[in-house]
Amino acid sequence: MLDLKLIRENPKEIERRLQRRDPAISLGKLLEYDEERRKIIGHVEEKKSLRNKVSEQVGKLKREKKDAEAQKVIAEMGQLADEIKALDNKLAQLETQMKDILDRLPNLPHPSVPVSQNKFDQKILRIHKEKPNFSFEPKTHLELAETFGMLDFPRAAKIAGSRFPLYRGWGALLEMGLIQFMFKYQVEKNGYTPMIPPYLGNEESFYASSQFPKFREQVYEIPEDKLFINPTAEIVLCNVHRDEILEADQLPINYAGYTACFRREAGTYGEEERGLIRMHQFNKVELFKFTKPEESYAEHEKMCEDAEDILKELGIHYRAALLPSCDMGLAAAKTIDLEVWIPSQNRYYEVSSVSNCEDFQARRGNIRYRPGKDAKPQFVHTLNGSGLATSRLFIAIIENNQQPDGSVVIPEPLRDYVGADRLKP
RNA sequence: GGAGGGGUACUCAAGCGGUCGAAGAGGACGGAUUGCUAAUCCGUUGUAGGGGCUUCACCUCUACCGUGGGUUCAAAUCCCACCCCCUCCGCCA
């Protein structure tokens, strides 16, 4: 959430900056409501002040046993209570309307973010390794998985429906190995604190991380218990320190959290997205940081490198891309995507999205820190990044490592977990 | 799921219709004293939103005692609903 005060003080500038993301954004209504709200606050507080004074007087009279006089004063109060109630209602209504607008406004893009309304206008920052060259027609991950009995989509569909995975055999071992390898790597090599958070969260948590209200329809819901199923550990990890005041020397806090992730993916489909590309359920190791504002961009770079470490260790060709203004998530001020090469589709797919949300989530979740001994608490900056999402990584690994003889070489770091160096048909 | 207890400021905790933004203790901070440490004494110690004034000072008002409603001239205090925590029972990986 943006700071309303900031909007009020520089409406034109903020609007211009928001329009870099979406030219349709306008702050007119919000400012209008805000002005009316402040006017009403003036009135209602004046009346409340009067009410408080009179009430105090009544109390005094009653104590002095001047009941008759007290009754008279009470009668004089007349409709004051009703007026206050009416104004309070109007105020609540205005505030709801403002919140509706404010809750859906995205974060301000960082100055380094390319301004474009075309999501393909990303800036390629780095490319690691060469595109693999195959002397044969590379098989798709579905074909490979079939050969090795790694995935069983028909039965997964029978159990849960389409777009749910059933890993089996080598597939299950590889998937589990990947998770363990990534989790352990971020903890041991990059110093993150390992976390296994709840897979379900409440309304407040989803609001604080900015998933709600705008992206509610992407989330599975359990209405009887008013709980929602984790679509990314970003949400649950963000809420670890909700409504807390952290000490400056605790920061930065670095968490690596493993969860399964569940997304409804309503309205998304496509021939390209067959197999494991876009699932209702997938596994992810998520990196999350709470930092001081002045350190967040350095930490953003670091987090990106931490995620890239995994791809380097696995020896996969990938690129890091700075997203243009139109393509970032609501809370992000700056996002770098890591995209792996998928040979069978001759294109890159996102396996990680590393974002600096600055104080956008912290403001909603009231996550603060104390900069100095006597200093006032300030909002922290929050950062999140996949480190990484497995199902697409799974595809990249088996497709990129297939050999002319039809076998698949298991990357060195995963061999102990899988219990094999190579899968043979 | 059933029964009981409880949620008050940084922490603990009193208050159960008016003088309560809230006693007391601890902590933290500032000061005094001090050979060091400790102890003692004095003082300070919330957040948010309006307005004044104008800016990083200050004054003033309003709101906040788990959350949301209600009663009342007046609610931390009474009523209703909900949430969370603890104990016991039941169930259970």
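Computed from a predicted structure; not experimentally measured.
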task: Rounded to the nearest angstrom, tell me the gap between atom CG in A:Leu50 and atom C1' in B:C61.
output: 13 Å
field: Base-paired stems that RNA chain B participates in, counting runs of 3 or more Watson-Crick or G-U pairs under 3.5 Å
entry: B:1-7 with B:83-89, B:10-12 with B:24-26, B:27-32 with B:40-45, B:46-52 with B:58-64, B:66-70 with B:78-82
message: With a 4.0 Å cutoff (strictly under), does any side-chain N or O of A:Ser49 reach OP1 or OP2 of B:C61?
response: no
message: Within 45 degrees of the ring normal and closer than 6.0 Å to the centroid, is that where the cationic atom of A:Arg216 sits relative to A:Phe212?
response: yes
- request: Could you tell me whether the side chains of A:Thr382 and A:Gln361 share a donor-acceptor contact shorter than 3.5 Å?
  value: yes
Ion pair check, A:Asp34 and A:Arg8, cut-off under 4.0 Å: yes
statement: A correct 5'-to-3' footprint of nucleotides 44-52 of chain B, with B, S and - meaning base, sugar-phosphate only and no protein heavy atom under 4.0 Å, is ----SBSS-
task: Pick out which of A:Arg51, A:Glu45, A:Glu46, A:Lys53 makes a side-chain hydrogen bond (donor to acceptor under 3.5 Å, both in side chains) with A:Ser49.
output: A:Lys53
message: Rounded to whole Å, please give me the gap between CG in A:Asn366 and C1' in B:C64.
response: 13 Å
- prompt: Below 4.0 angstrom from OP1 or OP2 of B:A63, is there any side-chain N or O of A:Arg51?
  reply: yes
message: Quick one: does any side-chain atom of A:Arg263 pair with a main-chain N or O of A:Phe282 as donor and acceptor, under 3.5 Å?
response: no
statement: Only one of A:Ser209, A:Cys357, A:Ser210 passes side-chain contact (heavy atoms from CB on, under 4.5 Å) with A:Leu330, and that residue is A:Ser210
message: Please report the distance, rounded to the nearest Å, between CD in A:Glu244 and P in B:U11.
response: 11 Å
- prompt: Is the NZ atom of A:Lys312 crowded by more than 12 outside heavy atoms at less than 6.0 Å?
  reply: yes
- prompt: How far does the C1' atom of B:A28 sit from the matching atom of B:G46, given to the nearest Å?
  reply: 14 Å
field: Sidechain N-carboxylate O distance under 4.0 Å for A:Arg415, A:Glu412
entry: no
message: Between B:U11 and B:A23, how many Å separate the two P atoms, rounded to a whole number?
response: 16 Å
- request: Decide salt bridge (Lys or Arg N to Asp or Glu O under 4.0 Å) for A:Lys39 and A:Glu35; before the verdict, give the C-alpha distance in whole Å, the side-chain angles of both, and the deciding distance to 0.1 Å.
  value: CA-CA 6 Å; A:Lys39 212 156 56 187; A:Glu35 204 178 319; 5.7 Å; no
- prompt: Considering only the C1' atoms, how many Å lie between B:C80 and B:C85, rounded to the nearest integer?
  reply: 22 Å
Write down the protein N/O and nucleotide N/O pairs, taken from nucleotides 66-71 of chain B, whose separation is under 3.5 Å; answer none if there are no such pairs.
| unit_1 | atom_1 | unit_2 | atom_2 | d |
| --- | --- | --- | --- | --- |
| B:U71 | OP2 | A:Lys85 | NZ | 3.4 |

- line: Here the distance between atom P of B:U62 and atom NE2 of A:His43, to the nearest Å, is 16 Å
Sugar-phosphate, base or nothing in reach of A:Val58, heavy atoms under 4.0 Å: base
message: What I want to find out is whether A:Arg37 reaches A:Glu95 closely enough, with some N-O distance under 4.0 Å, to be called a salt bridge.
response: yes
salt_bridge(A:Asp100, A:Lys29) N-O dist < 4.0 Å: no
query: Rounding to a whole Å, what distance do you find between A:Asp243:CG and B:C84:C1'?
result: 13 Å
- request: Return no unless some side-chain N or O of A:Asn202 is found under 4.0 Å from OP1 or OP2 of B:C83.
  value: no
task: With P as the reference atom in both, quote the distance from B:C41 to B:C53 in angstrom, rounded to an integer.
output: 46 Å
task: Please measure how far the P atom in B:G17 lies from the corresponding atom in B:C12, and state the result in whole Å.
output: 25 Å
Nucleotide B:C73, atom C1' - distance to NZ of A:Lys48 in whole Å: 15 Å
query: Under 4.0 Å between a Lys/Arg side-chain N and an Asp/Glu carboxylate O for A:Glu286 and A:Lys284?
result: yes
query: So which one's nearest nucleotide on RNA chain B is more toward 5', A:Glu46 or A:Glu56?
result: A:Glu56
query: Which whole number of Å gives the distance between the P atom of B:A14 and that of B:C89?
result: 27 Å
- prompt: Parallel under 30°, tilted from 30 to 60°, perpendicular over 60°: which one fits the rings of A:Phe206 and A:Phe228?
  reply: tilted
message: Output the rounded distance in Å from CD1 (A:Ile84) to P (B:C73).
response: 12 Å
message: Roughly how many Å apart are B:A9 and B:C82, using the C1' atom of each and rounding to a whole number?
response: 24 Å
- request: Measure from CG on A:Leu246 to C1' on B:C10 and round the result to the nearest Å.
  value: 14 Å
query: Can you tell me how far P in B:C83 sits from the matching atom in B:G26, rounded to whole Å?
result: 39 Å
